[in-house]
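We name chains A, B, ... by the order of the sequence lines, and we start the count at 1 in each one.
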2 protein chains.
Amino acid sequence: MLAGKIRTIYDLAKLAGVSAATVSRALAGKDMVNSETSERIRKLAEEHDFRPSALARNLRTRRRGAIGVVVPLGHDRGQHLSDPFFMTLIGYLADELTERGFDLVLSRVIPSRDDWLSRLIDADRADGFIIVGQSDQSGVLDRIAADYLPMVVWGGFVQGQVHCSIGTDNFLGGRLAMQHLIDRGCRKIAFLGNTQAIEPSLRLEGAKAAIQARSDIELMDTPTHFAPEVSGTDIATFLTQIGDPPDGIFAASDVIALTAMQVLAARGLSVPGDVRVIGYDDLYVAQTSVPPLSTVRQNIAAGASHLVGSLLRRIAGEQTGSVILNPELIVRETT
Amino acid sequence: MLAGKIRTIYDLAKLAGVSAATVSRALAGKDMVNSETSERIRKLAEEHDFRPSALARNLRTRRRGAIGVVVPLGHDRGQHLSDPFFMTLIGYLADELTERGFDLVLSRVIPSRDDWLSRLIDADRADGFIIVGQSDQSGVLDRIAADYLPMVVWGGFVQGQVHCSIGTDNFLGGRLAMQHLIDRGCRKIAFLGNTQAIEPSLRLEGAKAAIQARSDIELMDTPTHFAPEVSGTDIATFLTQIGDPPDGIFAASDVIALTAMQVLAARGLSVPGDVRVIGYDDLYVAQTSVPPLSTVRQNIAAGASHLVGSLLRRIAGEQTGSVILNPELIVRETT
DNA sequence: TTGAAAGCGCTAACAG
DNA sequence: CTGTTAGCGCTTTCAA
């Protein structure tokens, strides 16, 4: 007995004997509408399983109700979106955004031209953007940030940067990690990571700062990809080349650390007996690792919360400053 | 010298001395437009960094250019979107969809009313939906699938279901896992998982089938949450209650398996010496675990590829059948 | 090959 | 409190 599917507020308006405007108001819960009329309209909508098109609303209101979450993979193309760090952060972001009524539009970008970000912005589907990691695209981010407010970036902070970043103090984290290894007797330490991205490079600087004026300690910068499919080879090659293994490894991520532990094991080197390893991030994988993995914890949940909070303020037109959270050394070795 | 920002195709049309229609055609790459005019318009667009609003186009064309990826968390509310299984699958989906020019709109849903899915569909932001896991919402999925074509579901297949599912053969996977434990001498085996969701319940059935007619083997169904924050307690409680520990554990997911291994270790039980553990999924965390974790591998990348492929065909109006991939037993124990 | 005009489905002045 | 009207920015007949 239903008179054709109700597709628009006009259909519903006709059914209810009111104008489309009234239906619009009733369904939006505006209080200026007669409560009985409103109630009747809503009941009708419910019965007919009608919900107004978000798209049309968005076009009209110029609000999108969606946030773009973008992962630029410029420095390390092999790295996959399913990388545990990304996914942990994105998971928290999804939770935060959902709670606040925003959709999360996810994009992975391999920046080949430097208009990747303006393309996304101009596509006009999101009210704002969260960029996950600066990769090697700091220039692009700064350029855009100069006249585009609603954007925040997870990553490292460097003096003079224009874009709003939120992250932990990577320099301090690097120093903590290095200090940890030194305190436990390591003297020949390899840093495993890709310093083309800002965060790893800050971690390495922190590590260097920790051995300042200590000529008895050797720190080797060992370029290593982030993706486990290739980092294993990087690490194996390195170990082969130097012959005598290091007695300490500072990995720029937990994933690299775990890969390193496997490579070491395959060569009959024990952890932490022969080589001590420390990771970075304190992901779930690090918490469950055996042998236990010491690491520098980044509070990713807190980071996600800050990212969303700052972004919403920016969408509202406010300026917000960069946020630098404290990393925390997590010691898990038993020896 | 730029005359105000170009925001619409009308602005650009004025600049180019043509009509908006022509600009629209030129930018869409239609061949019916004079190639010189077209070239000129595109150059102008490039110069002014103009890109037409995807939103407006979508409203007009009734295509959305976006796929909704929805994770319903009905059976286990504690479970977080950052769960490694979800995130691995979503990562692959993002890659597949990005490659094909679709945005991925991510939603996590706690189904409290049973209109969660129709709300999402009616919100009208996506051309189709990928549901990640049936949770305990198979009824809702079947009801929707009855008259909504562009939807595919990652999960288990049960006879008579209406919705299109793609997943591995969970029954077989369960049998393989169980057989593995039996072959290695386990006689008192605990199944750890939440059988309110279809996949775990199929795995348990498979496990039961493996011990059919073997009265010397005991299989305990031990309800366990998926989220590591709570599964640890579940497992500890179980161990305390039965007193004498099982000699085998079949965990419904790798994450549960790893948690179980930790709980066992904390009680001084060795793996696989005292208790043999097998997981499910073969996530990255399982591959790096020490002691090594045997598991039943689901080929998640292949699953993602099937999901997207089938969905696109459904969007084009085709029917597609459910897909059941083969699981694979991965044996990692050394003893 | 191009332009005029009519919407896609909704919201927000502005009047009443 | 409610209706009328005019768009949001684009695409697509239809006619020229």
If I take atom CG in residue B/Asn58 and atom P in nucleotide C/dG7, what distance separates them, rounded to the nearest angstrom? 21 Å

N/O (side chain, A/Lys30) to phosphate O (OP1/OP2, C/dT11) under 4.0 Å: no

With respect to the phosphate group of C/dT11, does any side-chain polar atom (N or O) of A/Ser24 fall under 4.0 Å of OP1 or OP2? yes

Might you list the N or O atoms of the protein lying below 3.5 Å from N or O atoms in nucleotides 13-16 of chain D, with each pair's distance?
{"unit_1": "D/dT13", "atom_1": "O4", "unit_2": "B/Arg25", "atom_2": "NH2", "d": "3.0"}

Qualifying residue for salt bridge (Lys or Arg N to Asp or Glu O under 4.0 Å) with A/Asp124, from A/Arg63, A/Arg64, A/Arg119, A/Arg62: A/Arg64

Nearest nucleotide by nearest heavy atom, which residue falls closer to the 5' end of DNA chain D, A/Ser38 or B/Arg7? A/Ser38

Integer-rounded Å distance: C/dG7 P and A/Leu55 CG: 19 Å

For B/Asp31 and C/dT2, what is the distance between atoms CG and P respectively, to the nearest whole Å? 12 Å

Send over the distance from A/Arg64 CZ to C/dT11 C1', rounded to a whole Å. 13 Å

Write down the distance between OH (A/Tyr10) and P (C/dG7), rounded to a whole number of angstrom. 12 Å

Distance, rounded to the nearest Å, where B/Arg63 contributes CZ and D/dC10 contributes P: 16 Å

From A/Leu141, A/Ile315, A/Leu311, residue fulfilling side chain to side chain contact (heavy atoms under 4.5 Å, CB included) relative to A/Met151: A/Leu141

Any side-chain heavy atom of B/Ile67 sitting closer than 4.5 Å to one from B/Val308? no

Between atom CG of A/Leu312 and atom CG of A/Asp127, what is the distance when rounded to the nearest 0.5 Å? 9.5 Å

Check whether the side chain of A/Arg60 and the base of C/dG9 form a donor-acceptor pair under 3.5 Å. no

Enter the distance from B/Trp116:CH2 to B/Ile121:CD1 here, rounded to the nearest 0.5 Å. 8.5 Å

To the nearest 0.5 Å, what is the distance between CE on A/Met32 and OG1 on A/Thr22? 10.0 Å

Closer to the 5' end of DNA chain C via nearest nucleotide, is it B/Asp124 or B/Ser19? B/Ser19

Are B/Glu96 and B/Arg100 close enough for a salt bridge, meaning some N to O gap below 4.0 Å? yes

I want to check one thing: is the phosphate of C/dC8, taken as OP1 and OP2, less than 4.0 Å away from some side-chain N or O of B/Arg62? no

Hey, is the side chain of A/Thr37 poking within less than 4.0 Å of OP1 or OP2 on D/dT2, counting only N and O atoms? yes

Please give, in whole Å, the distance from D/dG7 C1' to B/Leu59 CG? 12 Å

Less than 4.0 angstrom between a side-chain N/O of B/Thr61 and OP1 or OP2 of D/dT11, yes or no? no

Can you tell me how far C1' of D/dC10 sits from CD1 of B/Ile6, to the nearest Å? 16 Å

